[in-house]
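Working notes, beginning with the structure itself.
Labels below follow one simple rule: chain letters A, B, ... track the order of the sequence lines, proteins then strands, and each chain is numbered from 1.
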Number of protein chains: 2
Amino acid sequence: MKVFKIPEATVMRLSIYSRHLKHLQDESIETVSSEEIASGVGVSSAQVRKDLAYFGEFGTRGVGYKVQDLLGHLKKILGLDKKWNVIMIGAGKLGSALALYEGFRERGFLIRTILDDDKKKVGSKLKDVLIEPLELLDTRIKQYNIDVGIITVPAVAAQDVTDRLVAAGVKAILNFSPRVLKVPGGIVLRNVDLSVNLEVLSFNLSFNK
Amino acid sequence: MKVFKIPEATVMRLSIYSRHLKHLQDESIETVSSEEIASGVGVSSAQVRKDLAYFGEFGTRGVGYKVQDLLGHLKKILGLDKKWNVIMIGAGKLGSALALYEGFRERGFLIRTILDDDKKKVGSKLKDVLIEPLELLDTRIKQYNIDVGIITVPAVAAQDVTDRLVAAGVKAILNFSPRVLKVPGGIVLRNVDLSVNLEVLSFNLSFNK
DNA sequence: CTCTGTGAATATATTCACAGCA
DNA sequence: TGCTGTGAATATATTCACAGAG
């Protein structure tokens, strides 16, 4: 049912535009031009207009965009009006930090349970979410109707956990492990790979300098 | 002195290839073809060869690449043979988790000090690094000959901290705050923006599904 | 007269396909 | 013969530039 393929870079910019519009809203600014958005987030005004044009016509010629309205459209486009049931696998340092991050809930990602294979962690809570044994993976995914799995396990375990999440029926995986995961088509996969980011930074610092 | 502009996507893939080559090395595999690397990390073999071609000829026609050699070249290309002095600004939940992450040291990023404006945090240590007052920003950057600043402060403070880091002479900034930062040309800036990642995931889950 | 929306032009990235070296 | 390295072809993304709505 996909009508047009939207470039990933466009989606990332839409997220950044929406953040900028929130600032403008906080400052009680009611109207904004594509040029003002553009200079606020460091892109060209044509880029802003092209990105928005994938989804409709939100502005008024000669005037600009109503901040409130455009922000509403962007939130809708980005799916931020929806709720998702989330399972987190791995309660190590990174998982523990992420479980406390309010940004998940703010965007509709509700962490229902956290699984770990370390018996010493099982039974304790992170904020209000209980850490449970890894064996409950299938049970909890069915029980809570889980949509999204967040992977914060070590690299060696990541593909195995992924396969189990997919088999149990999750629709999307957010992968924080430094590993390229194989998933079947139709499963949404997003990687947040700190080691790649560090190496790109290292490259940019080193190359031809 | 920049000879060719290398696409960022290429650099990210080089990092991923190098990780895959490490696995192969751990399995004592000595030779690998572009097709084997490609299928291992989910890209096309032509892509692998094109990416490598930016930097030289590392393979042998009819044979493939020597794993050890190619890994060595990639580490060199990515600058992983170099050391950088790093300052971290912000010792909150994210900063604390990051300060314990071994990946920085493994890639030559040596965290020399962590600054925070919270008096209650100042004086304690994260692993072996002391948390010091924010006022020492200039002093420590000069003293330790800091190359890289890692920003883990709240969004409202991020641009101010950035300006101070740049004024004090850092060459690169790794930004974990959810804010588009303005930096002068010549300063390397890399953003690790979890909120954008979450919103892209939300979009992919929602759009035309 | 201003600023959006958008075709056309340009720039960039990926894939194809094969010449040529080991 | 097998696989790399690479021009040519294609696909994708960005910028230009302007018609036209308000």
Practice problem: Look only at the side chain of A/T152 and the backbone of A/G90, and say whether a donor-acceptor pair between them is shorter than 3.5 Å. | Solution: yes

Please determine if [X] and [Y] form a salt bridge, counting it only when a charged side-chain N lies under 4.0 Å from a carboxylate O.
X: B/K82; Y: B/D147; answer: no
X: B/E102; Y: B/K127; answer: yes
X: A/K22; Y: A/D26; answer: no

Using the side-chain heavy atoms of [X], tell me which of these nucleotides is nearest: [options].
X: B/T60; options: C/dG5, C/dA13, C/dA22; result: C/dA22
X: A/S34; options: D/dT6, D/dC16, C/dT4; result: C/dT4
X: A/R13; options: C/dT4, D/dT4, D/dT14; result: D/dT14
X: A/P7; options: D/dG5, D/dC3, D/dA13; result: D/dA13

Quiz item: Can you find an N or O donor on one side and an acceptor on the other, under 3.5 Å apart, linking the side chain of B/R61 with the base of D/dG2?
Solution: no

What is the distance, rounded to the nearest whole Å, between atom [atom1] of [X] and atom [atom2] of [N]?
X: B/R49; N: C/dC18; atom1: CZ; atom2: P; value: 14 Å
X: A/M12; N: D/dT14; atom1: CE; atom2: P; value: 12 Å
X: B/Y54; N: C/dT12; atom1: OH; atom2: P; value: 11 Å
X: A/Y65; N: D/dA21; atom1: OH; atom2: P; value: 16 Å
X: A/K5; N: D/dA11; atom1: NZ; atom2: C1'; value: 10 Å
X: A/Q47; N: C/dG5; atom1: CD; atom2: C1'; value: 14 Å
X: B/E57; N: D/dC3; atom1: CD; atom2: P; value: 18 Å
X: A/Y17; N: C/dT4; atom1: OH; atom2: P; value: 13 Å

Practice problem: Test A/I150 against A/F176 for side chain to side chain contact (heavy atoms under 4.5 Å, CB included), laying out the working first. | Solution: CA-CA 8 Å; A/I150 300 180; A/F176 286 90; 3.7 Å; yes

Quiz item: Taking for each residue the nucleotide of DNA chain C bearing the nearest heavy atom, is the 5' side occupied by B/K50 or by A/A53?
Solution: A/A53

